[in-house]
> 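One structure, as structure tokens, below. Some questions next.
Just the heavy atoms: all of them, side chains too, but no hydrogens, waters or symmetry mates, feed the values below. Residue indices begin at 1 and follow the sequence shown. Indexing begins at 1, ligand by ligand and atom by atom, following the structure's order.
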Amino acid sequence: MNNYYQTNNQGHLIIGGVDALELAKNYGTPLVVYDVAQIRQQFQAFQQAFTNLKVNSVISYASKAFSAIAMYQLINQLKGHIDVVSGGELYTALKANFPTDRISFHGNNKTKEELALAVENQVGVIILDNFHEIELLEQILNNTSKRVSVMLRVTPGITAHTHQYVQTGQEDSKFGFDISSGQAEQALLKVQANKQLKLIGIHAHIGSQILAVGGFKLEVKKLMHLIREWAQKYAYQPQILNLGGGFGIRYTAQDQVLAPDIFIKEIVQTMRAYAQKYHLELPEIWIEPGRSIVGQAGYSLYTIGSSKTVPGIMPYITVDGGMGDNIRPALYQAEYETVLVRCPQAEPKQVVHLAGRYCESGDILIKQASLPQVEAGDVVAVLATGAYGYSMASNYNRVPRPAVVFAEAGHAQEVIRRETYADLVSHDCFY
Ligand SMILES: *Cc1c(COP(=O)(O)O)cnc(C)c1O
């Protein structure tokens with residue numbers, strides 16, 4: 001038995017207690033399905049890890065991994081915070097009635113309109129990324145009596161061992177204030193000079209799909225060092241240290257993942273050690289997991305269509321989705337595993353390229369996928385697609401985006417409906 005999916009007594013894949021073949025039949029394919037209990041468990045595992053260590057903490061779900069009204073409602077149920085990175089995500093959270101004091105607003109080029117929307121709705125904290133943004137925010141606050149809480153995003157100069165497109169903590173990055181060149185310090189002075197900005201913390205985010213704790217320990221070390229410096233020089237100590245997200249998940253058997261409590265224990269131990277060494281109070285710790293909350297809970301269901309077999313060449317089996325609903329394989333060679341929904345435990349009989357339907361040679365969902373004998377009409381599930389799949393979806397080739405379903409305790413509910421052809425042309429204008 002495989003730990004990464006479950007089957008019913010007919011041997012079919014089940015998700016959230018619901019037969020995945022039924023889901024495909026009822027909602028059509030391609031279809032994104034979330035096992036809601038898995039999302040809850042993962043979120044609560046992070047919460048529990050901090051509680052066990054008696055550390056004040058906030059888990060802020062980085063909602064760019066999967067943003068939807070239902071998802072914000074779910075995080076609200078779990079008493080979590082959320083990160084948003086755009087006016088659109090903020091708007092979606094507002095529509096979900098998400099408490100605005102638990103929203104962190106991120107982004108490396110927030111517009112004045114987006115900042116104004118955040119200020120108007122009193123979001124919990126704006127995470128400042130650059131000097132231009134500080135100026136925009138100052139302009140918005142000017143002539144008002146408003147005060148907003150902010151954090152400074154700094155780049156600690158760490159290279160997390162991950163794909164270069166998902167690294168963010170190194171000095172040569174488009175994100176944040178650089179520490180070593182003194183930019184971060186300049187930002188500190190600029191923010192402190194403005195009484196309408198309340199600097200509550202320091203933020204860093206070192207990368208994504210991180211499978212080892214070493215990068216986080218190094219991050220803690222650099223940030224605690226920075227805090228000591230600022231405490232000595234400016235008598236300023238942030239109450240919050242926000243370490244960002246990036247906790248890795250299992251996409252394939254090659255990924256050796258660490259449980260949330262392991263990451264958190266090591267992070268807290270490291271922080272306690274530096275707090276003691278530098279005679280600092282332990283700051284409140286915030287983390288921003290995105291992928292690790294929704295990634296493994298998500299499944300993409302596809303129906304097999306055409307296939308192509310040429311002697312001497314690996315066969316292509318094509319499904320009814322692809323880069324339009326999951327750009328990750330084409331964008332950064334992301335790897336996945338797939339199973340046949342009617343019999344996930346069947347012995348693999350062939351190695352094939354699982355190709356997408358879009359007009360790009362690079363639209364291959366899985367290179368060298370192991371599958372049993374399959375035929376047109378069979379439904380396959382690509383596993384662990386819950387993060388950065390639907391949220392990066394496009395209408396390339398004018399293919400409607402799939403529906404998204406939440407499944408839990410044997411009950412399924414559509415949370416984003418499938419786009420129609422009418423939706424596709426709804427913004428087009430005749431000329
Ligand atoms: C994307 C992002 C995250 C979440 O990253 P994951 O790898 O999905 O955990 C957290 N914080 C910031 C600032 C981000 O940009």
> Which of the numbered atoms in ligand 1 are below 4.0 angstrom from a heavy atom of Ala62?
3 (C), 4 (C), 10 (C)

> Within a distance under 4.0 Å of any heavy atom of Lys64, pick out the atoms of ligand 1 and give their elements.
1 (C), 2 (C), 3 (C), 4 (C), 14 (C), 15 (O)

> For ligand 1, note which part of Tyr388 has a heavy atom under 4.0 Å away: side chain, backbone, both or neither.
side chain

> Where the closest heavy atom to atom 11 (N) of ligand 1 is concerned, which of His203, Arg153, Glu288 has it?
Glu288

> Under the ring pair (Phe, Tyr, Trp, His ring centres under 6.0 Å) test against His81, which residue among Tyr61, Phe46, Trp286, Phe43 passes?
Trp286

> Does Ser208 reach ligand 1 with a nitrogen or oxygen that is under 3.5 Å from one of the ligand's nitrogen or oxygen atoms?
yes

> Do we see a donor-acceptor contact under 3.5 Å between the side chains of Asn242 and Glu288?
yes

> Report yes if His106 has an N/O atom closer than 3.5 Å to an N/O atom of ligand 1; otherwise report no.
no

> Can you name the atoms of ligand 1, numbered from 1 with element, that are less than 4.0 Å from a heavy atom of Gly246?
5 (O), 6 (P), 7 (O), 9 (O)

> Under a plain distance cut-off of 3.5 Å, with no hydrogens placed, do Asn52 and Gln48 share a side-chain donor-acceptor pair?
yes

> Which pairs pass ring pair (Phe, Tyr, Trp, His ring centres under 6.0 Å) with one or both residues in residues 83-117, sequence neighbours excluded?
His106-His203

> Report yes or no: do Arg228 and Gln237 form a side-chain donor-acceptor pair below 3.5 Å?
no

> Is it the case that ligand 1 has an N or O less than 3.5 angstrom from some N or O of Gly207?
no

> Between Tyr4 and Arg250, is there a cation-pi geometry (under 6.0 Å to ring centre, at most 45° from the normal)?
yes

> Determine whether the side chains of Asp325 and Tyr302 contain a donor N or O and an acceptor N or O closer than 3.5 Å.
yes

> Less than 3.5 Å between some nitrogen or oxygen of Gln209 and one of ligand 1, yes or no?
no

> Against heavy atoms of Gly245, which atoms of ligand 1 measure under 4.0 Å?
9 (O), 10 (C), 11 (N)

